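Below is one structure, written out as structure tokens; comments come after it.
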Amino acid sequence: MAIHDPSFKEWLSNFVDSDTNLGDLATDVKKDSTFPDSSDKSTLMEYIESHTPNEVVHRTLSAAIDLYEAASETHDSFSHREPYQK
């Protein structure tokens, strides 16, 4: 069975009901039909910076992309990583 890697937009949609900046971003992206269907950080940052001057939104998107990339890396290497140890 093949494992489906979600796109950034699919991954972000998991946070729509979260009462956080990430949840607010997810809600806004879901409503924005022109938001790029890309996982490229520079593409997404250029888009958001051209649509809002709000630095909180910029930082939230940047952090969300970093989390998405970290989750993807973890997923890719899941079978090769060491178990968590204190």
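Just so it is clear, the values below take in all heavy atoms, side chains as well, and ignore hydrogens, waters and symmetry mates. Bear in mind the structure is a predicted one, so any value in this text is a computation, not a measurement.
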Check: Are Val57 and Leu67 connected, step by step, through hydrophobic side chains (Ile, Leu, Val, Met, Phe, Trp, Tyr) whose heavy atoms are closer than 4.5 Å?
Finding: yes

Could you give the distance from [atom1] ([X]) to [atom2] ([Y]), rounded to the nearest 0.5 Å?
X	Y	atom1	atom2	value
Thr60	Glu55	OG1	CD	10.5 Å
Met45	Leu61	CE	CG	5.0 Å
Ile65	Leu12	CD1	CG	9.5 Å

Who passes side-chain contact (heavy atoms from CB on, under 4.5 Å) against [X], sequence neighbours left out?
X	result
Ser38	Pro36, Asp40, Thr43, Leu44
Asp66	Lys41, Ser62, Glu69
Thr34	Asp32, Tyr47
Asp17	none

Checklist line | Nonpolar side-chain network containing Val16, other nodes, edges under 4.5 Å | finding: none

Next item on the list: List in chain and number order the residues that pass side-chain hydrogen bond (donor to acceptor under 3.5 Å, both in side chains) with Ser18, two or more places apart in sequence or in another chain; answer none if no residue qualifies.
Entry: Thr20

Item checked: Residue list, ring-ring contact (aromatic ring centres under 6.0 Å, His included) with His58, at least two apart or on another chain -> none

Check: Considering residues at least two apart in sequence or located in another chain, which fulfil the ring-ring contact (aromatic ring centres under 6.0 Å, His included) criterion with Tyr68?
Finding: Phe8, Trp11

